[in-house]
Amino acid sequence: MVGLQKGPGLGAKKGSVAAPSKTGSTQNMSANIKVVVRVRPLNMKEMQSYNRIVVDVVDDKMLVFDPKEETRPLFYQGVQQPNKNFLKRANKELKFVFDDVCGQEASNQDVFETTTKEIISSLMEGYNCSVFAYGATGAGKTFTMIGTQENPGITYLTMEHLFYTIYSFKKDRDFDIGVSYIEVYNENVYDLLKPSSTPLQLREDSKNGVMVAGLSLHSIKTARELLNVLEDGNKNRTQHPTDANAESSRSHAVFQVYVKMRYKISSQLRMVKLSMIDLAGSERASASGCKGDRFKEGANINKSLLSLGNCINKLADGSNYIPYRDSKLTRLLKDSLGGNCKTVMIANVSPSNITYEDTYNTLKYAARANKIQLSIKKNIVDGDIRASQYVKINEELKKKIKELEAKLSLSSLKTVKESDGVKEKCKLIDLY
Ligand code: ADP
Ligand code: MG
């Protein structure tokens with residue numbers, strides 16, 4: 001895992017559409033992108049088949065991919081046998097450090113607390129914000145973004161928090177909230193809330209930023225209303241069964257919230273945008289056993305995910321040229337990435353060895369995005385310091401266990417001796 005120096009890299013965006021926040025508010029550049037990994041619980045299929053856990057969540061910042069299996073020495077007739085596993089692939093044992101790692105037990109509420117909760121205050125300050133759910137099909141992207149009735153996803157929780165926040169600002173600002181729900185499928189943009197077979201065109205102007213011509217905007221007043229909007233939109237998403245998952249999503253679903261704020265005293269008008277994107281599955285096209293149209297879909301998906309990654313990395317490098325035009329997705333999000341924007345990337349993975357390659361690729365992608373925050377030195381050193389701390393803690397614990405075992409065997413010896421003594425006494429009593 002490599003990383004770049006913390007610093008104004010993200011701000012070095014030239015020729016981009018000016019975000020409304022450029023009018024003065026201060027910002028912490030290093031906090032512009034947050035990368036969080038979420039590890040979902042094993043599903044039934046994974047639980048029933050031979051399973052090895054390949055993601056070991058160490059704590060809320062660190063995970064180990066492909067950890068070493070415990071070395072259990074094999075004894076035969078009291079003699080330790082040579083390791084017969086010499087043909088087995090060596091474990092990678094890769095340590096990754098992210099802004100946050102959410103383990104299997106994390107609820108959507110927990111994920112919300114560590115990801116999007118804080119971006120609402122950035123939104124109120126005038127930053128465009130974007131949230132991406134990245135990962136292979138079946139890794140938990142839609143569960144994270146949309147969730148279920150009992151466990152609503154972060155889109156709902158974020159909107160709930162937005163309405164709550166707006167309420168506290170009502171005294172000095174008027175608000176107008178509009179939402180749109182778009183699908184980017186095969187490099188075409190479709191309105192999920194006003195279905196049509198004709199794709200929509202992207203327009204860009206210096207005043208309004210990126211616009212989707214003819215896109216329907218829906219005014220909502222509560223987070224509950226949002227659930228209906230999302231449900232309606234999701235019914236229109238393009239899904240095709242592939243070998244990887246019967247309900248795999250082959251498109252990127254982009255939910256956008258436009259917050260119009262008018263300051264009561266100055267009458268100044270500000271418009272900010274929050275984009276929440278449920279990305280298409282990141283697995284390789286060949287992994288889904290696809291041919292023809294499905295293969296083309298796969299190639300387009302990989303292209304847009306690659307160009308999203310490239311844009312994020314170039315922004316981090318402080319490059320003057322950011323290749324937004326390489327894909328529809330990045331063109332659409334040009335005014336919500338880098339510069340005066342906050343970005344949260346949630347990389348979803350399964351802990352099972354069944355999806356070993358997908359998980360490895362997702363972690364590598366996430367680690368590349370993470371470099372914006374962590375310097376090469378800091379990243380590696382952090383990881384190693386942590387790891388060495390864990391080794392130390394582990395050694396201390398082992399020492400303690402040995403001490404306790406020694407104490408235990410001493411006291412059991414005493415008990416045996418004492419009970420022997422009692423037995424002797426009993427024998428003596430019996431004799432009388
Ligand atoms: P993706 O959108 O990445 O293809 P899904 O979100 O549809 O994946 O998740 C695949 C399956 O796993 C779904 O049945 C979903 O309910 C379940 N799932 C995913 N993440 C979790 C989680 N954190 N807890 C419980 N079930 C989950
Ligand atoms: Mg999905």
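When a ligand or atom number is given, it counts from 1 through the structure's own listing order. Since this is a predicted model, take the numbers as computed values, not measurements.
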Undergrad: Any donor and acceptor pair, going by atom type alone, linking the side chain of N91 with main-chain N or O of K68 inside 3.5 Å?
TA: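 Judged by distance alone, no pair lies under 3.5 Å.
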Undergrad: Looking at ligand 1, does G135 have a heavy atom less than 4.0 Å from it?
TA: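 Judged by the 4.0 Å heavy-atom criterion, G135 does not count as contacting ligand 1.
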Undergrad: For V229, give me all partners under side-chain contact (heavy atoms from CB on, under 4.5 Å), at least two apart in sequence or on another chain.
TA: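 Scan of V229 (side-chain contact (heavy atoms from CB on, under 4.5 Å), adjacent residues dropped) gives V179, L193, I220.
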Undergrad: Do E187 and S327 have side-chain N/O donor and acceptor atoms under 3.5 Å apart?
TA: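 No, because no side-chain N or O of E187 sits under 3.5 Å from a partner of the opposite role on S327.
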Undergrad: So is T137 polar-close to ligand 1, meaning N/O to N/O under 3.5 Å?
TA: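 No, since none of the N or O atoms of T137 sits under 3.5 Å from an N or O of ligand 1.
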Undergrad: Please report whether ligand 1 has a polar contact with G138, defined as an N or O pair separated by less than 3.5 Å (distance criterion only).
TA: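 Checking ligand 1 against G138, an N or O pair does fall under 3.5 Å apart.
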Undergrad: Is there a polar contact between ligand 1 and F143, counting only N or O atoms under 3.5 Å apart?
TA: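 Yes, at least one N or O pair falls under 3.5 Å.
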Undergrad: Are S107 and D110 linked by a side-chain donor-acceptor pair shorter than 3.5 Å?
TA: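 Yes, D110 and S107 have a side-chain donor paired with an acceptor closer than 3.5 Å.
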Undergrad: Check whether any side-chain heavy atom of L192 lies under 4.5 Å from a side-chain heavy atom of I182, and answer yes or no.
TA: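 A side-chain contact is absent here, since even the closest heavy-atom pair is not under 4.5 Å.
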Undergrad: Would you check if the Mg ion (ligand 2) lies under 2.8 Å from any N, O or S atom of T142?
TA: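 True for T142.
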Undergrad: What do you reckon, does R38 put a non-hydrogen atom under 4.0 Å from ligand 1?
TA: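 Right, R38 reaches ligand 1.
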Undergrad: Mind checking salt bridge (Lys or Arg N to Asp or Glu O under 4.0 Å) for K264 and listing every partner two or more places apart, or none if nothing turns up?
TA: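 Checked K264 against salt bridge (Lys or Arg N to Asp or Glu O under 4.0 Å); matches are D174.
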Undergrad: Does N43 come within less than 4.0 angstrom of ligand 1, counting non-hydrogen atoms of the residue?
TA: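 Judged by the 4.0 Å heavy-atom criterion, N43 does not count as contacting ligand 1.
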Undergrad: If the cut-off is 4.0 Å to any non-hydrogen atom of A136, which atoms of ligand 1 fall inside it?
TA: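 Reading through ligand 1 atom by atom, the close ones are 3 (O).
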Undergrad: Would you say N348's side chain and I346's backbone share a donor-acceptor pair under 3.5 angstrom?
TA: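 Checked: pair present.
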Undergrad: So, regarding D278 and ligand 1 (criterion: nitrogen or oxygen to nitrogen or oxygen, under 3.5 Å), is there a contact or not?
TA: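 There is no such contact.
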Undergrad: Is G281 in contact with ligand 1, taking contact as a heavy-atom separation below 4.0 Å?
TA: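 For ligand 1, residue contact (heavy atoms, under 4.0 Å) with G281 is absent.
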Undergrad: Of the listed options (A133, S107, C102, G140), which comes nearest to atom 5 (P) of ligand 1 when hydrogens are ignored and any heavy atom counts?
TA: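 Going through A133, S107, C102, G140 one by one, G140 has the nearest heavy atom to atom 5 (P) of ligand 1.
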Undergrad: Counting only heavy atoms closer than 4.0 Å, does ligand 1 sit against the backbone of Q104, its side chain, both, or neither?
TA: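 It is neither part, as no heavy atom is under 4.0 Å.
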Undergrad: Hey, mind stepping through F96 and F65 against ring-ring contact (aromatic ring centres under 6.0 Å, His included) and telling me if it holds?
TA: CA-CA 8 Å; F96 286 92; F65 173 68; 7.0 Å; no
